[in-house]
Amino acid sequence: MNFMPQTQNTVDPAKLEKLAEVAVKVGLQLQKGQDLVITAPVVALPLVRLITKHAYQAGAGLVSAFYSDEETTLSRYQYGSDESFDRASDWLYEGMAKAYANGAARLAVAGDNPLLLSEQDAGKVGRANRANSTAYKPALEKIANFDINWNIVSYPNPSWAKVVFPDDPETIAIAKLAKAIFAASRVDLDDPIAAWAEHNANLAKRSAWLNGERFASLHFKGPGTDLTVGLADGHEWHGGASTAKNGITCNPNIPTEEVFTTPHALRVEGHVSSTKPLSHQGTLIDNIQVRFEGGRIVEAKASRGEEVLNKVLDTDEGARRLGEVALVPHSSPISASGILFYNTLFDENASCHIALGQCYSKCFLDGATLSQEQIKAQGGNSSLIHIDWMIGSDKVDIDGVKPDGSRVAVMRQGEWA
């Protein structure tokens, strides 16, 4: 039996082929003989098949794909025993961590229904998320520390498309979402690989300017936001392509419009409000408002998904502290599209954002040579989670604050100053 997802006839096959090629050649820069681990929703099988083809054409060693399924996930919440929500497939993640330690690359295809678990018991969702985060840590550390080349791309899952375009028939919604994914990923252009090279060069220029300024902190000011984010000692800004510890230059996120670095886990003060909803593990969390003292979130509210948010914050000590701060102009192509994707991979590239949890060791000067103890001493955060959420808009100004207290305009009304 040949499994044919229902997106088959509504997604441009030529652009899907280009996306697979970009994922392998730009996203991963997969090397000859290198193994590849893929995770994807089962509905994304057409894209996974194309990625696998391009991976083997690039000389991949062994490609292994692992699939998730929405109905299977829901069955757990409907019929699973209560104690099962404190468990996760640690054996699977240990195997992935072993593969990465042995040099495998990692590719994730995103596209899950952002509302999948919205009607399920929030306590069970929180417990399952915590168990999964704990089990995933050995693999996440290899990714977050950039030990390997890795990449995330997306596929227009029908259930996701209907959340983004609720007023359209499913086939139209899928076609619209596919078009938006292709445009944001630059595969609607004649030469996507050349376009990515140019885009990466522009992001590198932004990173170089920020690295030259050596700000001690960033100050965000806007409606519901007055936040000072101290930057880690010896922090380094990155954007676009990054060179992993294995020496391979990859584009971890496709699409990407951000430049990002590591905050100091103990030096975040003030309050901040989200500017877009956060879709986390099938739960939509909206209108987030948090207050920081000494780098730690001491108060958190949300108009929707507040219980899940607070359970996420209780994952571990580092979950209430920041691991990333990223700058994105309000006029970025994804923002200009006017589409709310309910998917962090896209929405974070329409807005400046911060991330709860684990920092990237890559975002330190000579980060590849630093021990975990040195990273902590310089302000890097450690956690089982890394969750981005959006705090930028055309009403937010950002100043860079130098060690002597002098200020430099970084963004005004959401645009580079």
Side-chain angles (χ1 to χ4, degrees), residues 23-24 26-40 51 55 58 60-68 88-110 129-153 232 236 238 240-254 256 260-262 265 281 315-316 318-319 323-324 344-345 355-364 366-376 378 380-388:
V24 171
V26 176
L28 294 174
Q29 288 207 29
L30 197 70
Q31 304 296 295
K32 287 185 178 180
Q34 189 177 24
D35 290 348
L36 174 60
V37 176
I38 302 174
T39 57
I51 289 170
L62 181 64
V63 180
S64 303
F66 299 87
Y67 296 94
S68 60
S89 300
D90 51 358
W91 55 269
L92 175 63
Y93 297 132
E94 287 169 4
M96 289 181 177
K98 184 177 179 180
Y100 303 150
N102 290 336
R106 176 253 196 177
L107 189 142
V109 178
N129 287 345
R130 179 184 174 84
N132 199 64
S133 295
T134 302
Y136 189 53
K137 187 176 182 180
L140 176 63
E141 286 179 338
K142 302 292 184 186
I143 297 164
N145 291 333
F146 275 90
D147 289 6
I148 58 168
N149 46 322
W150 58 274
N151 174 243
I152 306 175
V153 293
E236 186 171 53
H238 288 271
S242 291
T243 302
K245 290 180 183 176
N246 60 9
I248 301 170
T249 300
C250 61
N251 263 87
N253 291 350
I254 290 182
T256 185
F260 60 96
T261 195
T262 297
Q281 304 283 357
T315 301
D316 56 22
E324 179 190 347
T344 301
L345 179 62
L356 304 171
Q358 181 66 40
C359 75
Y360 291 126
S361 61
K362 176 74 178 176
C363 293
F364 286 90
D366 300 319
T369 67
L370 298 179
S371 67
Q372 292 303 309
E373 291 75 18
Q374 288 172 311
I375 288 172
K376 181 179 180 181
Q378 291 180 214
N381 192 34
S382 177
S383 176
L384 296 171
I385 66 168
H386 180 95
I387 301 173
D388 300 89

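Source: prediction; values computed, not measured. One-based numbering along the sequence shown.
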Donor-acceptor check, side chain of [X] to backbone of [Y], threshold 3.5 angstrom: yes or no?
X: Gln358; Y: Ser383; value: yes
X: Asn381; Y: Ala265; value: no
X: His238; Y: Lys362; value: yes
X: Trp150; Y: Ile143; value: yes
X: Ser371; Y: Gln374; value: yes
X: Thr256; Y: Asn253; value: no
X: Asn151; Y: Asn251; value: yes

Check: In terms of heavy-atom contacts, does NZ of Lys245 have more than 12 from other residues, nucleotides or ligands at under 6.0 Å?
Finding: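 More than 12 heavy atoms, drawn from other residues, nucleotides or ligands, come within 6.0 Å of this atom.
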Next item on the list: Mark yes when over 12 heavy atoms from residues, nucleotides or ligands other than Asn102 sit less than 6.0 Å from its CG; otherwise mark no.
Entry: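 Enclosed: over 12 neighbouring heavy atoms sit under 6.0 Å from CG of Asn102.
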Checklist line | Ser361 vs Asn145, side chain to side chain contact (heavy atoms under 4.5 Å, CB included): CA-CA, chis, key distance, verdict | finding: CA-CA 5 Å; Ser361 61; Asn145 291 333; 3.4 Å; yes
Item checked: Intermediate values then yes/no, side chain to side chain contact (heavy atoms under 4.5 Å, CB included), Thr39 and Met96 -> CA-CA 11 Å; Thr39 57; Met96 289 181 177; 3.7 Å; yes
Can you name the nearest heavy-atom pair linking [X] to [Y], along with the distance?
X: Ala135; Y: Tyr93; value: O-CB, 3.3 Å
X: Leu30; Y: Ala60; value: CD2-CB, 3.6 Å
X: Tyr100; Y: Ala139; value: CE1-CB, 4.0 Å
X: Gly27; Y: Cys250; value: O-CB, 3.0 Å

Report the distance from atom [atom1] of [X] to atom [atom2] of [Y], rounding to the nearest 0.5 Å.
X: Asn129; Y: Thr315; atom1: CG; atom2: OG1; answer: 7.5 Å
X: Ser133; Y: Leu140; atom1: OG; atom2: CG; answer: 8.5 Å
X: Ile148; Y: Lys142; atom1: CD1; atom2: NZ; answer: 9.0 Å
X: Leu384; Y: Arg130; atom1: CG; atom2: CZ; answer: 7.0 Å
X: Leu28; Y: Ile254; atom1: CG; atom2: CD1; answer: 8.0 Å

Next item on the list: Would you mind listing every side-chain hydrogen bond (donor to acceptor under 3.5 Å, both in side chains) that reaches into residues 28-37, with sequence neighbours excluded?
Entry: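 Of all non-adjacent pairs touching residues 28-37, those that pass side-chain hydrogen bond (donor to acceptor under 3.5 Å, both in side chains) are Gln34-Asn149.
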Margin query: Distance alone, cut at 3.5 Å: any donor-acceptor contact between the side chains of Thr243 and Thr249?
Written below: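 Note: Thr243 and Thr249 side chains meet the donor-acceptor criterion.
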Item checked: Side-chain donor-acceptor pair present, Tyr136, Asp90, cut-off under 3.5 Å ->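 Per modelled atom types, Tyr136 and Asp90 side chains form no pair under 3.5 Å.
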Notebook entry, point to check: Should the ring pair Tyr360 and His386 be called parallel, tilted or perpendicular, given that the plane angle runs from 0 to 90° and is split at 30 and 60?
Noted result: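 Tyr360 vs His386 ring planes: tilted.
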Check: If we only count heavy atoms from C-beta on, is the Glu324 to Phe260 side-chain gap below 4.5 Å?
Finding: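 Yes, their side chains come closer than 4.5 Å.
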Note to self: As a quick check of understanding, evaluate side chain to side chain contact (heavy atoms under 4.5 Å, CB included) for Cys359 and Ile375, giving each step before the final call.
What the structure shows: CA-CA 9 Å; Cys359 75; Ile375 288 172; 3.9 Å; yes
Checklist line | Pair Asn246-Asp147, side chain to side chain contact (heavy atoms under 4.5 Å, CB included): steps then yes or no | finding: CA-CA 6 Å; Asn246 60 9; Asp147 289 6; over 6 Å; no
